[in-house]
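What follows is a single structure, written as structure tokens, with notes after it.
Chain letters run A, B, ... following the sequence lines, proteins first and then strands; every chain starts at 1.
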Amino acid sequence: MTNPEEEKVTEKKSLNFIEAKVEEDLANGKNGGRVQTRFPPEPNGYLHIGHAKAICLDFGIAEKYGGVCNLRFDDTNPTKENMEYVDAIKEDIQWLGYQWGNEYYASDYFPQLWDFAIALIKRGKAYIDEQSSDEIAAQKGTPTQPGVDSPFRNRPIEESLDLFNKMNSGQIGEGKMVLRAKIDMASPNMHFRDPIIYRVVDTPHHRTGTTWHAYPMYDFAHGQSDYFEGVTHSLCTLEFVVHRPVYDLFVDWLKEIRGEGDSMDDNRPRQTEFNKLNLNYILLSKRNLLVLVNEGLVSGWDDPRMPTICGFRRRGYTPSGIHKFIDKIGYTTYDALNDFALMESAIREDLNATATRVAAVVNPVKLIVANYPEGQIEEMEAINNPEDETAGSHKIAFSRELWMEKEDFMEDAPKKYFRMTPGNEVRLKNAYIVKCTGCKKDENGDVVEVYAEYDPETKSGMPGANRKVKGTIHWVSCVRCIEAEVRMYDRLWKVENPRDELARLQGEGKTLLDAMKEMMNPDSLELRPVCYVEEYLAAAKPLDHFQFQRIGYFTVDKDSTPDHLVFNRTVALKDTWAKAL
RNA sequence: UGCCCAAUGGUGUAAUUGGCAACACGACUGACUCUGGAUCAGUAAAGUCCAGGUUCGAACCCUGGUUGGGCAACCA
């Protein structure tokens with residue numbers, strides 16, 4: 001018997017506006033009660049966290065309502081696209097945990113789109129314009145001023161037909177002529193002012209080679225592709241709102257020409273727009289990310305500071321952490337700027353539940369337990385994850401000489417400092433309680449060794465260990481540890497809103513590159529070439545996740561080898577002590 | 001001098017569709033802790049952009065404004 005109160009709580013969670021719309025469409029029997037979505041990336045770059053938001057929606061809606069989500073590459077511009085991107089996109093979607101139904105390409109529809117264009121020309125709804133792009137732009141008017149008709153607008157149909165064929169045969173140079181839909185040059189919607197629907201591109205296409213020279217534009221490909229595939233809900237971001245009337249018009253024309261219904265029936269895809277992701281301290285524009293990579297400001301698309309899916313993966317972010325984040329921010333029609341702290345909290349929440357706890361010293365100083373027998377080694381038990389009893393434990397070696405963090409010793413400590421300071425007792429995690437007796441400094445006054453004495457009765461697990469001490473610090477054995485490189489990553493940009501700041505700096509006359517250099521956080525990467533980690537990590541493989549106790553979450557980098565371990569900091573632990581300072 | 005869209009604590013998202021403005025992140029207390037993490041308990045923080053209107057009742061509907069975003073690529 002379930003408690004009715006409990007049931008109420010579980011069904012409480014509200015639908016986002018898109019889910020509500022889908023349910024309404026379903027209730028009204030639209031598209032025969034079917035739900036089909038698509039994720040339509042252009043293969044011209046790597047996917048970033050903004051795409052992850054779209055992916056979660058496209059695949060999530062299909063999953064929730066028993067439909068399918070297909071992957072469709074919107075590959076209508078061969079000058080920017082290639083197969084490297086196609087493969088990377090597929091890898092990233094799968095890593096996020098989704099599997100598409102079919103793999104489609106807009107380029108597969110070039111023949112149907114061509115036929116559609118021919119049909120429009122024959123009906124006097126499209127014409128070849130031979131003006132330059134400047135002339136066309138000038139005639140288009142502005143948002144506040146109507147456009148004027150092209151002198152070619154009413155040329156004979158036969159002429160347009162002939163020239164359209166020539167456009168596609170390689171006889172017409174790029175930019176010499178275009179095919180335009182004849183709609184309304186005075187429309188308040190700029191996209192209705194006789195939009196260009198085909199242009200000449202001589203760059204070979206990554207899939208169709210040199211078969212075509214005339215390529216459809218986005219507006220002439222997207223809605224039609226959706227229609228060919230049977231998409232019911234075409235979800236995209238808010239900047240496409242103004243394209244929706246064009247989308248609908250072309251689908252209407254297509255249906256009519258093919259004799260497959262009219263604008264009034266329900267057998268058609270519908271576009272719905274949601275807010276795209278904006279995150280503070282993050283820059284998502286593909287163009288800008290490309291500059292970062294090409295100019296060597298980062299190590300590549302998968303640099304752990306990049307907001308790309310592959311960058312986040314290498315940084316140590318997890319698919320489930322990303323899902324938690326996407327769930328938290330939601331889908332609306334408000335252009336929000338999300339706080340990156342929400343992203344980090346989602347990642348911490350996920351990693352806290354799953355990451356194995358280990359000891360690692362990232363800023364080492366030697367700790368000598370003076371009264372511990374020289375040469376003696378003890379195997380201590382270390383719990384793998386206090387949040388998960390089934391995670392078990394592993395062994396960690398204890399010895400007379402240990403590595404500890406420099407920050408965990410202070411000669412003159414403030415009152416609330418619960419770590420190593422002369423005369424103070426501290427617990428060495430999983431081992432003994434020790435009392436700090438002093439330190440040794442070099443000629444510069446820097447601490448080079450810390451001294452302590454242990455209480456043999458206080459070994460973890462023994463009755464004497466129950467004594468209360470305020471602080472616990474981590475350590476690794478000098479004789480039984482592994483040297484490792486640790487890369488401490490932080491935010492790439494020092495400004496909260498890099499997009500606006502970039503525009504501002506460029507407005508001052510700075511080049512894009514200079515503006516970027518000025519905005520970059522000099523501490524975005526701090527290399528710690530010599531750190532010490534416990535031996536347990538010898539077997540760690542790339543993308544394994546760990547919590548370095550008291551420091552943060554780390555993953556093994558792809559550069560890591562058994563002889564030279566490399567760890568990336570995913571995100572630091574919350575540090576209320578640092579805040580108190 | 002256009003068209004379209006939006007506006008709810010610091011941030012984001014809700015509000016049974018016209019009925020006590022709630023949740024998360026963040027912040028701050030305190031408890032607990034062999035991680036200054038986690039966990040637990042609690043506090044502060046919006047009266048819903050503004051002005052009118054409809055209504056017994058408005059965050060929600062209407063009118064007018066304000067502010068912000070989008071639209072003038074042979075990009076998607």
Side-chain angles (χ1 to χ4, degrees), chain A residues 8 11-14 16 20 40-42 44 74-77 79-81 106 129 132-133 136-138 140-147 174-180 187-191 193 196-201 215 217-219 221-222 236 238-245 273 275 280 286-287 325 327-346 348-349 352-353 357 359 383 386-387 416-419 427-431 433 458 460-461 465-466 468-474 547-553 572-580:
Chain A
K8 222 168 201 165
E11 71 188 41
K12 191 81 181 181
K13 92 172 228 215
S14 53
N16 65 45
E42 181 186 16
N44 70 342
D74 244 339
D75 54 348
T76 58
N77 183 3
T79 63
K80 295 167 128 188
E81 301 154 2
D129 196 328
S132 71
S133 74
I136 291 175
K140 207 159 216 169
T142 68
T144 56
Q145 285 179 321
E174 290 184 8
K176 294 294 180 220
M177 57 182 70
V178 292
L179 182 68
R180 300 178 73 180
S187 171
N189 183 336
M190 296 296 291
H191 298 278
R193 322 246 264 226
I196 293 169
I197 57 178
Y198 264 89
R199 82 295 209 185
V200 174
V201 179
Y215 288 89
M217 300 283 289
Y218 168 85
D219 277 322
H222 204 96
C236 63
L238 250 20
E239 66 266 33
F240 289 98
V241 168
V242 283
H243 292 253
R244 195 195 320 143
E273 311 84 10
N275 60 344
N280 59 6
K286 241 180 223 176
R287 172 175 136 77
F325 168 66
D327 280 349
K328 287 177 195 226
I329 61 173
Y331 298 89
T332 69
T333 54
Y334 171 69
D335 186 32
L337 179 60
N338 292 277
D339 192 340
F340 198 75
L342 196 55
M343 176 86 212
E344 296 195 322
S345 126
R348 285 197 191 100
E349 188 187 331
N352 178 48
R357 271 60 170 173
I383 302 292
E387 307 293 318
K416 289 240 187 170
Y417 187 79
F418 304 139
R419 311 180 192 180
R427 184 182 304 278
L428 298 180
K429 177 79 181 171
N430 300 319
I433 294 174
T458 60
S460 293
N466 289 331
K468 295 277 181 244
V469 289
K470 224 22 180 144
T472 299
I473 67 170
H474 62 277
Q547 185 197 87
F548 288 4
Q549 285 173 115
R550 304 208 305 131
I551 303 175
Y553 295 99
L573 247 33
K574 270 209 259 181
D575 189 350
T576 48
W577 167 245
K579 240 182 279 184

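Taking both residues in full, the closest heavy atoms of A/Asn275 and A/Tyr334 are given as ND2-O, 2.8 Å, listed atom of the first, atom of the second, then distance. A/Arg180 and A/Arg193 make their closest contact through NH2-O, 3.5 Å (heavy atoms, listed as atom of the first residue, atom of the second, distance).
Residue contacts shown for A/Lys470 are absent, as no nucleic acid heavy atom lies under 4.0 Å away. Within the 4.0 angstrom heavy-atom criterion, only backbone atoms of the sugar-phosphate kind lie near A/Tyr331; the bases stay farther away. Within the nucleic acid shown, A/Arg419 comes within 4.0 Å of at least one base atom, counting heavy atoms only. Residue-level contact check: A/Tyr215 touches neither bases nor backbone, having no heavy atom under 4.0 Å from any strand. A/Leu337 comes within contact range of the sugar-phosphate backbone alone, with a heavy-atom separation under 4.0 Å but no base atom that close. Within the nucleic acid shown, A/Thr76 comes within 4.0 Å of sugar-phosphate atoms alone, with no base atom in reach, counting heavy atoms only. Residue contacts shown for A/His243 include a base, since a base heavy atom lies under 4.0 Å away. Note on A/Gln547: a base of the nucleic acid sits closer than 4.0 angstrom, heavy atoms only.
At a cut-off of 3.5 angstrom, the base of B/rG70 holds no donor-acceptor pair with the side chain of A/Glu273. With hydrogens and angles left out, the side chain of A/Glu387 and the base of B/rU39 share no donor-acceptor pair within 3.5 Å. Not a single donor-acceptor contact under 3.5 angstrom links the side-chain atoms of A/Arg348 to the base of B/rG37.
The base-pairing partner of B/rU35, taking Watson-Crick or G-U wobble contacts with both distances under 3.5 Å, does not exist among the strands shown. Remark: B/rG18 base-pairs with no nucleotide in the shown strands. Criterion, Watson-Crick or G-U wobble with two distances under 3.5 Å. Figure legend. B/rA73 is base-paired to no nucleotide; pairs are counted as Watson-Crick or G-U wobble with both atom distances under 3.5 Å. Across all strands shown, B/rC25 forms a Watson-Crick or G-U wobble pair, both distances under 3.5 Å, with B/rG10. Pairing for B/rC61 goes to B/rG53, judged as Watson-Crick or G-U wobble with the two contacts each under 3.5 Å.
Each of B/rC75, B/rC74, B/rA76 was ranked by its minimum atom distance to the side chain of A/Val178; first place goes to B/rC74. The side chain of A/Pro143 approaches B/rG2 more closely than any other nucleotide in the set B/rG36, B/rC75, B/rG2. Distances were taken from every side-chain heavy atom of A/Thr144 (C-beta onward) to each of B/rC28, B/rU1, B/rG12; the shortest belongs to B/rU1. The listed nucleotides are B/rG12, B/rC75, B/rU35; the one nearest the side chain of A/Lys80 is B/rC75. Across B/rC74, B/rG36, B/rA6, the shortest atom-to-atom separation from the side chain of A/Lys140 is found for B/rC74. The side chain of A/Leu342 approaches B/rA24 more closely than any other nucleotide in the set B/rG26, B/rA76, B/rA24.
In this structure, A/His191 and A/His243 have tilted ring planes: the angle between them lies in the 30° to 60° band.
Atoms NZ and OG, on A/Lys328 and A/Ser345 in that order, are 3.5 Å from each other to the nearest 0.5 Å.
For A/Thr142 and B/rG2, the shortest distance from a side-chain N or O to OP1 or OP2 is not below 4.0 Å. Phosphate contact (OP1/OP2 of B/rG37, side-chain N/O of A/Thr576, threshold under 4.0 Å): present. At B/rA72, none of the side-chain N or O atoms of A/Arg193 fall inside 4.0 Å of OP1 or OP2 (strictly under the cut-off). Remark: A/Lys328 is not in phosphate contact with B/rU11, judged by side-chain N or O atoms under 4.0 Å from OP1 or OP2. In terms of phosphate contacts, A/Asn275 brings a side-chain nitrogen or oxygen within less than 4.0 Å of OP1 or OP2 of B/rU13. Regarding contacts with the backbone of B/rU35, every side-chain N or O of A/Lys574 stays at 4.0 angstrom or more from both OP1 and OP2. Residue A/Arg199 places at least one side-chain N or O under 4.0 Å from the OP1 or OP2 atom of B/rA76. Between A/Arg427 and B/rU33, a side-chain N or O to OP1/OP2 separation shorter than 4.0 Å is absent. Remark: A/Thr332 is in phosphate contact with B/rU13, judged by side-chain N or O atoms under 4.0 Å from OP1 or OP2.
Taking syn as a glycosidic angle within 90° of 0, B/rG65 does not qualify and is anti. With a glycosidic angle further than 90° from 0, B/rU54 counts as anti.
You'll find the side chain of A/Leu342 reaches within 4.5 Å of the side chain of A/Phe325, heavy atoms only. Residues A/Thr76 and A/Met217 are not in side-chain contact: their nearest non-hydrogen atoms beyond the backbone lie 4.5 Å or more apart.
Across the interface with RNA chain B, nearest-nucleotide mapping of A/Ala20 and A/Ser133 shows A/Ala20 to be the residue nearer the 5′ end. The residue among A/Lys468 and A/Asn352 whose nearest nucleotide of RNA chain B is located toward the 5' end is A/Lys468.
Both thresholds, 5.5 Å between centres and 30° between ring planes, are not jointly met by A/Tyr334 relative to the base of B/rA7, so the two rings are not stacked.
The local environment of NZ in A/Lys176 is sparse, with at most 12 non-hydrogen atoms from other residues, nucleotides or ligands closer than 6.0 Å.
Comparing the P positions of B/rU48 and B/rA7 gives a spacing of 15 Å, expressed to the nearest Å.
Between A/Phe240 atom CZ and B/rG70 atom C1' there is a gap of 12 Å when expressed in whole angstrom units.
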